[in-house]
Every structure is written in C-alpha cells, then in structure tokens.
Protein chains: 2
Amino acid sequence: MQNGKVDIEEIGLDQALDFFKALGNLQRLKIIGLLASRSAVVEEIAAALELSPATISHHLRVLRQVGLLDVDSDQQYRIYSLRERRLKQMSRELLRLDTLREGAGAFPEGAFESKVLSNFVKRGKLVTIPAQRKKREVILKWLVEHFKREQDYPESEVNRIIGRFHEDFCTLRRELIMARLLTRERNIYRRPA
Amino acid sequence: MQNGKVDIEEIGLDQALDFFKALGNLQRLKIIGLLASRSAVVEEIAAALELSPATISHHLRVLRQVGLLDVDSDQQYRIYSLRERRLKQMSRELLRLDTLREGAGAFPEGAFESKVLSNFVKRGKLVTIPAQRKKREVILKWLVEHFKREQDYPESEVNRIIGRFHEDFCTLRRELIMARLLTRERNIYRRPA
DNA sequence: CCCTTATTTCGATATCCGTCAATGTATCTA
DNA sequence: TAGATACATTGACGGATATCGAAATAAGGG
C-alpha cells in the first residue's frame with residue numbers, strides 16, 4: 001500500500017450497502033476466508049474454489065472496490081491479500097445505529113397521518129371516529145391542535161370546540177383525556193405544554 | 001422474546017452469508033434505519049419508502065429470518081422493532097477472522113501444486129525448470145522431499161540425487177540453497193528440520 | 001354473521017447478478 | 001521479436017431476487 005494513503009474514510013449508507021453486497025455472496029466470503037490465512041494469486045483461489053479464473057477475477061474486483069483487498073504485482077502475478085484493518089473497521093463502524101438512522105431518513109411525519117385525515121375528515125367535519133387505535137391517535141392529535149397550550153378551558157368550551165368537528169364531543173373529550181392530550185382538574189381542561 | 005430462549009447462537013459461514021445478504025439491499029438497510037428510531041407497522045414503512053405493503057412484508061420476513069427483528073401483535077397490526085442486541089452481536093462476531101478462516105476451508109495443498117507437478121514432471125523426470133517463481137517453488141519443494149531431514153550430504157551426493165530428475169543439478173542445487181530448503185556449511189548440505 | 005382493515009402469500013414479470021468462454025492487455029521468456 | 005503466461009474485460013446466458021397486483025388469511029367492528 002502506498003504511503004500517506006488514508007485508510008479511514010467516511011461511512012455512509014451507500015458504503016454500507018456496497019460492503020454488505022460484497023460480502024453477501026458465498027464465493028466472496030470464502031475468498032475472504034482463504035485470504036485470511038495467507039495471500040494468494042488468482043489461479044490458486046480459482047483452484048481452491050473450483051471456479052474459473054475469470055470468475056475469481058470478477059469477485060476480487062468487487063472486494064477490492066470496497067477496500068477489503070490489497071494487491072501487489074510480482075512478475076506477471078498479482079498477489080492479493082486481505083486488509084484486516086479495513087475489515088475490523090467496517091465491522092465496528094458500519095452498523096452504528098446513528099449512521100443507519102440518518103442514512104435512512106426518517107418516517108415522513110404526515111404520510112400516514114395525512115392519509116388517515118383525508119379518509120376521516122371531509123369538508124372540515126369528522127365523519128366517523130376511527131375504531132382502530134393508531135388511526136384514532138392521529139385524529140386526536142389533529143383535534144388537540146385546535147386548543148392553545150397552557151390555557152384553561154371550561155368543559156362547555158371544550159364541548160363547543162370539539163362539537164365543531166363531530167357531534168359526539170363526549171366520547172372524543174374522554175379519548176383526549178385518556179390519550180393524555182388534555183388534562184382535567186376540577187372540571188378545568190388544559191392542553192399540556 | 002420468550003423466556004429461556006438463547007439469544008447468542010453459534011455463528012458459521014451460512015449464518016454470515018444470510019446476514020450479509022439480508023443487509024445487502026438498499027430498502028432493507030433503510031428499514032433498519034427507520035426501525036432504529038422507533039418501531040412501526042408495515043404500512044408506515046411502506047409509506048416511508050414508497051413501496052407496496054406486499055414488498056415491505058417480504059423484506060421484513062428476510063430481516064426476521066436472520067433474527068434482526070422482533071414482532072408483536074396488537075389488534076390487527078404487527079408492530080416490528082429492531083433487535084439492537086442482535087445487530088451489535090453480529091457486527092462484533094460475524095467478521096472474526098478465525099470464523100471466516102475455518103468456514104471457508106483452506107487452500108487445497110496440492111490443487112495448484114499437483115497441476116504444476118503434472119505439467120513439469122513426466123515419467124519421474126523434470127522436463128524443464130520452471131522460469132516462474134511460484135512454479136519453481138513447487139518444484140523445489142517437491143525435489144527436497146527426496147532428502148532426509150537433519151542428515152549430512154556431501155555435494156557429490158546432492159548432485160547425484162538431483163541428477164536423477166534433471167541434468168542441470170548445478171542450477172537446482174543453487175536454487176534449493178536460495179530457497180533455504182537446503183543449507184550448506186563447509187560443503188556439507190543439510191535439509192533443515 | 002358480514003364487512004372492513006392490516007398483513008401475508010402467491011403468481012408473474014423485470015431486473016440484477018454469478019458464471020464462463022472469448023478476447024484484450026501487460027509481462028516475462030526464448 | 002515471437003510466443004507464453006497471468007490477469008482483466010466483455011458479452012452472453014441462466015438463475016436468483018425485487019416488485020407489485022391479486023387472492024388468502026387474520027383480527028375486529030357493527
């Protein structure tokens with residue numbers, strides 16, 4: 001390996017993908033295993049795995065492209081060897097959860113929610129109260145947005161606001177309390193901060 | 001997870017292969033990333049990745065089969081979550097070199113060598129001395145097998161033994177010394193232990 | 001019970017990928 | 001320089017796999 005070449009690089013989702021793809025193949029895993037004991041030339045590996053040199057050459061290129069192999073030239077031969085440091089580095093850093101999290105993006109807040117809302121809210125009215133918990137949660141969160149935070153509401157006012165969207169304000173008010181989206185003390189309702 | 005079930009299992013080459021195959025796919029990597037932030041149901045993931053629920057279900061099965069996911073039932077839903085311990089365990093143990101070494105088998109001592117020998121040795125005679133270093137090494141190792149270890153040989157005896165296989169015993173004798181397969185002190189030759 | 005909803009399974013299709021023969025290229029030998 | 005050797009590359013073929021629609025399954029709700 002040339003001097004001054006940096007061995008540690010930034011690892012993103014693409015790097016991880018290429019790495020796992022490279023190792024997600026039986027022959028390539030075997031090649032790694034073989035090179036873990038000693039370095040070798042193409043024909044040796046081909047003989048060991050009973051594959052054609054062309055195939056081995058192909059696999060070696062894949063492994064080289066993810067930085068797992070070093071190759072030295074000697075006469076006509078190219079001697080492949082395993083970069084153990086790289087392998088260890090990968091196994092350490094590739095599966096760090098924060099890396100995966102940011103690489104994958106996040107749940108689109110609104111993709112599922114907006115679908116539910118568009119299904120249950122027509123022309124500003126809540127047509128039915130979803131029976132399924134996950135959807136009901138979405139509706140309740142949407143409902144509670146019509147309340148200001150840290151402000152006192154008498155029960156009559158709560159009923160009036162909810163009543164704008166659905167006649168059964170009684171059920172919805174109770175659900176909001178159960179979901180802890182509203183609190184009640186001495187018949188005074190608040191939306192917590 | 002059920003009580004008493006062992007979380008740590010033996011890891012072989014097949015396990016490693018399935019694991020890397022499972023992660024060697026962009027959508028599945030993204031799913032891991034999503035579930036690293038919070039657990040979710042199939043349709044949420046489908047919405048996040050803009051794929052059909054059927055496709056997500058397929059990917060989730062693959063990830064479940066390598067033990068990366070937990071699934072809990074709630075109402076009609078199945079809530080998938082990431083088994084972080086398993087992920088960490090895999091990243092620690094999967095790429096241990098000794099595991100890979102034994103899983104891959106070793107170089108078949110003789111596959112490459114026997115090919116060289118059959119090419120250069122005809123009816124017990126060495127037809128030519130291979131010019132290429134690797135093949136010459138094979139021939140030299142084969143030659144030195146005709147010497148007993150830890151035994152003194154005068155030069156005339158060395159020449160006689162080598163001469164049984166090739167007329168140019170002079171070159172071969174020198175090569176054997178250079179390859180340290182024989183040693184020479186005061187014109188006495190030995191094959192080291 | 002019938003209907004709705006979430007998920008899985010099945011079948012079909014398109015794409016990706018592993019493999020090898022043939023060809024190209026560089027290096028070494030005679 | 002011609003010829004051999006080791007390896008890389010290309011093209012083609014076949015098998016694996018990702019994807020989705022449709023049908024089956026499961027679990028509730030009215």
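Naming: A, B, ... by sequence-line order, numbering from 1 per chain. No experiment lies behind these values; they were computed from the predicted model shown.
Neither side chain, A:N159 nor A:S156, offers a donor N or O lying under 3.5 Å from an acceptor on the other.
The aromatic rings of B:W142 and B:F165 lie perpendicular to each other, with more than 60° between the two planes, well past the 30° mark.
Along DNA chain D, read 5' to 3', the first and last nucleotides having any atom under 4.0 Å from a heavy atom of chain B are D:dT5 to D:dG28.
Partners of B:S57 under the side chain to side chain donor-acceptor pair (under 3.5 Å) rule, at least two apart in sequence or in another chain, do not exist in this structure.
As judged by a 4.0 angstrom heavy-atom cut-off over every strand, B:R133 is placed among residues making no nucleic acid contact.
Taking atom CZ on A:R28 and atom C1' on C:dG18, their separation rounds to 8 Å, with Å as the unit.
Of the residues in residues 50-69 of chain B, those lying under 4.0 Å from DNA chain D by heavy-atom distance are B:L51, B:S52, B:A54, B:T55, B:H58, B:H59.
Comparing the helix axis at one end of the helix from C:dC1-D:dG30 to C:dA30-D:dT1 with that at the other, each defined from 5 consecutive pairs, gives an inter-axis angle of 10° (nearest 10°).
Among pairs with a residue in residues 19-35 of chain B, those fulfilling side-chain hydrogen bond (donor to acceptor under 3.5 Å, both in side chains) read B:R28-B:H59, at least two apart in sequence or across chains.
Put simply, the side chain of B:Y153 gets close to the backbone of B:K148: a donor and an acceptor are under 3.5 Å apart.
For C:dC17, the OP1/OP2 oxygens have a side-chain nitrogen or oxygen of A:K21 closer than 4.0 Å.
The side-chain tip of B:R38 points at the ring of A:F107 from less than 6.0 angstrom away and within 45° of straight on.
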Would you list the protein and nucleotides 25-29 of chain C atom pairs, both N or O, that sit under 3.5 Å from each other?
none

